[in-house]
**Student:** 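Have a look at this one before I ask anything.
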Amino acid sequence: MRINEDTLLEGEKVVLVPYNSDHVPRYHQWMCSPELQKLTASEPLTLEQEYDMQRSWREDDDKCTFIILDKQKWADPSIPEQECMVGDVNIFLTDPSDPSLAELEIMIAVPCYRGKGLGKEVTRMMMCYGIHKLGIRKFEVKIGLDNKISIAMFKKFYFRELSISEVFQEVTLGVTVNEALQKHVFGNMDFMLQREYGKARDSRQATFTPLSL
């Protein structure tokens with residue numbers, strides 16, 4: 001989607017930025033991992049195919065993707081943005097007849113960042129963005145049956161079991177957005193700041209000017 005091509009979302013621990021070509025080499029490195037291929041049900045791609053996929057995701061009207069950055073690292077302008085990357089988050093519009101229904105996917109790719117509450121914060125931020133910017137009213141997630149931690153996390157956001165696939169060994173959870181959900185989960189939205197990505201990136205780069213030898 002192009003709707004988020006200049007959108008930066010800032011939380012307490014993470015910063016979400018649009019997936020652009022600068023991020024592709026690091027993303028490709030992640031997706032060479034058999035573990036991540038299994039977790040995301042993905043096939044290995046060449047680097048060129050990964051660039052094609054990034055362009056497709058940017059142009060497609062049914063996919064909204066952000067790269068997850070470590071906010072503490074990103075606050076240091078001497079650290080390249082690619083080195084701040086820890087994962088990605090996607091909203092897929094899965095039913096052309098119902099644009100209010102979306103599938104949510106979150107990947108914390110860097111193992112040392114798992115189990116530290118990033119997934120919970122990203123879920124809250126992305127659901128909030130989906131509700132207010134994309135008009136999403138129903139969210140679904142597909143999770144491997146052995147991923148008990150993720151299943152428990154989504155249930156804290158009031159997701160409930162919709163179906164189980166023994167063939168794919170995954171469970172589908174879903175939640176419908178209502179006033180109670182927005183009040184108890186999102187509150188007054190002061191947990192998230194939205195800024196223009198281009199300006200933030202340029203300001204960050206301008207702050208750090210390497211010395212010429």
**Student:** For the atom pair CE (M127) and NE2 (H132), what is the distance rounded to the nearest 0.5 Å?
**Tutor:** 10.5 Å

**Student:** Where is the tightest heavy-atom contact between P99 and P96, given as atom of each residue plus distance?
**Tutor:** CD-O, 4.4 Å

**Student:** Just how far is it from atom CG of L104 to atom CZ of F159, taken to the nearest 0.5 Å?
**Tutor:** 6.0 Å

**Student:** Between K73 and E83 (salt bridge meaning N to carboxylate O under 4.0 Å), is one present in this structure?
**Tutor:** no

**Student:** State the CE-CD1 distance between M126 and I91, to the nearest 0.5 angstrom.
**Tutor:** 4.0 Å

**Student:** Are I143 and L101 grouped together when hydrophobic residues (ILVMFWY) are joined by side-chain heavy atoms under 4.5 angstrom apart?
**Tutor:** no

**Student:** Would F191 and L8 show up in the same hydrophobic cluster when neighbours are defined by side-chain heavy atoms closer than 4.5 Å?
**Tutor:** yes

**Student:** For L145 versus S165, what's the shortest heavy-atom pair and its separation?
**Tutor:** CD1-O, 4.5 Å

**Student:** Measure across N4 and P18 and return the closest heavy-atom pair with its distance rounded to 0.1 Å.
**Tutor:** O-CB, 3.4 Å

**Student:** For atom CD of Q72, decide whether the heavy atoms of other residues, nucleotides or ligands shown that lie under 6.0 angstrom number more than 12.
**Tutor:** no

**Student:** For the residue pair I131 and R137, establish whether any side-chain heavy-atom pair is separated by less than 4.5 Å.
**Tutor:** yes

**Student:** Ring-plane angle category for W57 and Y27, please: parallel below 30°, perpendicular beyond 60°, tilted otherwise.
**Tutor:** perpendicular

**Student:** Applying side chain to side chain contact (heavy atoms under 4.5 Å, CB included) to V17 and H23, what does each step give before you reach the verdict?
**Tutor:** CA-CA 10 Å; V17 299; H23 301 131; 3.8 Å; yes

**Student:** Does the side chain of L93 reach to within under 4.5 Å of the side chain of M1, using non-hydrogen atoms?
**Tutor:** yes

**Student:** Is there a side-chain contact between W30 and M107 (heavy atoms, below 4.5 Å)?
**Tutor:** yes

**Student:** Here's a test for you: under side-chain hydrogen bond (donor to acceptor under 3.5 Å, both in side chains), which of T65, D61, D60 qualifies with K63?
**Tutor:** D60

**Student:** Checking E121 side chain against E12 main chain: does a donor-acceptor pair fall under 3.5 Å?
**Tutor:** yes

**Student:** Does one hydrophobic cluster hold both M153 and L162, with members joined at side-chain heavy-atom distances below 4.5 Å?
**Tutor:** no

**Student:** Would you check if K116 and I108 make a side-chain contact, meaning some heavy-atom pair closer than 4.5 Å?
**Tutor:** no

**Student:** Take atom CG in L47; do more than 12 heavy atoms of anything else shown fall under 6.0 Å from it?
**Tutor:** yes

**Student:** Ignoring hydrogens and geometry, is there a side-chain-to-backbone donor-acceptor pair from Q37 to M31 under 3.5 Å?
**Tutor:** yes

**Student:** Does one hydrophobic cluster hold both V122 and V110, with members joined at side-chain heavy-atom distances below 4.5 Å?
**Tutor:** yes

**Student:** Taking K71 for its side chain and E10 for its backbone only, find out whether a donor-acceptor pair lies under 3.5 Å.
**Tutor:** no

**Student:** For S203 and K199, indicate whether the former's side chain and the latter's backbone hold a donor-acceptor pair under 3.5 Å.
**Tutor:** no

**Student:** Is E59 reaching over with its side chain to a backbone N or O of S56, donor-acceptor style, under 3.5 angstrom?
**Tutor:** no

**Student:** Nearest 0.5 Å, what's the NZ-OG1 distance between K138 and T176?
**Tutor:** 6.5 Å

**Student:** Please report the shortest heavy-atom distance between C84 and I79, naming the atom on each side.
**Tutor:** SG-CG2, 3.8 Å

**Student:** Which value, rounded to the nearest 0.5 Å, describes the distance between L45 atom CG and C32 atom SG?
**Tutor:** 9.0 Å

**Student:** Name the one of I68, L69, V89 that satisfies side chain to side chain contact (heavy atoms under 4.5 Å, CB included) with V14?
**Tutor:** I68

**Student:** Angle between ring planes, Y129 versus F66, binned at 30° and 60°: parallel, tilted or perpendicular?
**Tutor:** perpendicular

**Student:** Checking the side chain of R204 only, and the main-chain atoms of D76 only, is there a donor and an acceptor separated by less than 3.5 Å?
**Tutor:** yes

**Student:** Can you tell me which residue among N20, L9, T7, D202 is in a side chain to side chain contact (heavy atoms under 4.5 Å, CB included) with Y197?
**Tutor:** N20

**Student:** First locate atom OG1 of T94, then atom CD of E140, and finally report the distance between them rounded to the nearest 0.5 Å.
**Tutor:** 6.0 Å

**Student:** Let's go through H28 and Q49 carefully: what are the C-alpha distance in whole Å and the side-chain angles of both, what is the deciding distance for side chain to side chain donor-acceptor pair (under 3.5 Å) to 0.1 Å, and is it a yes or a no?
**Tutor:** CA-CA 9 Å; H28 176 66; Q49 288 172 325; over 6 Å; no

**Student:** Would you check, one step at a time, whether the test side chain to side chain donor-acceptor pair (under 3.5 Å) holds for D70 with Y113?
**Tutor:** CA-CA 9 Å; D70 176 338; Y113 284 91; 2.6 Å; yes

**Student:** Taking I149 as the starting point, is it possible to reach F157 by hopping between hydrophobic residues whose side chains are less than 4.5 Å apart?
**Tutor:** no

**Student:** Report the residue from M85, M53, Q54 that forms a side chain to side chain contact (heavy atoms under 4.5 Å, CB included) with Y19.
**Tutor:** Q54

**Student:** So, are R55 and E48 salt-bridged, with charged N and O less than 4.0 Å apart?
**Tutor:** yes

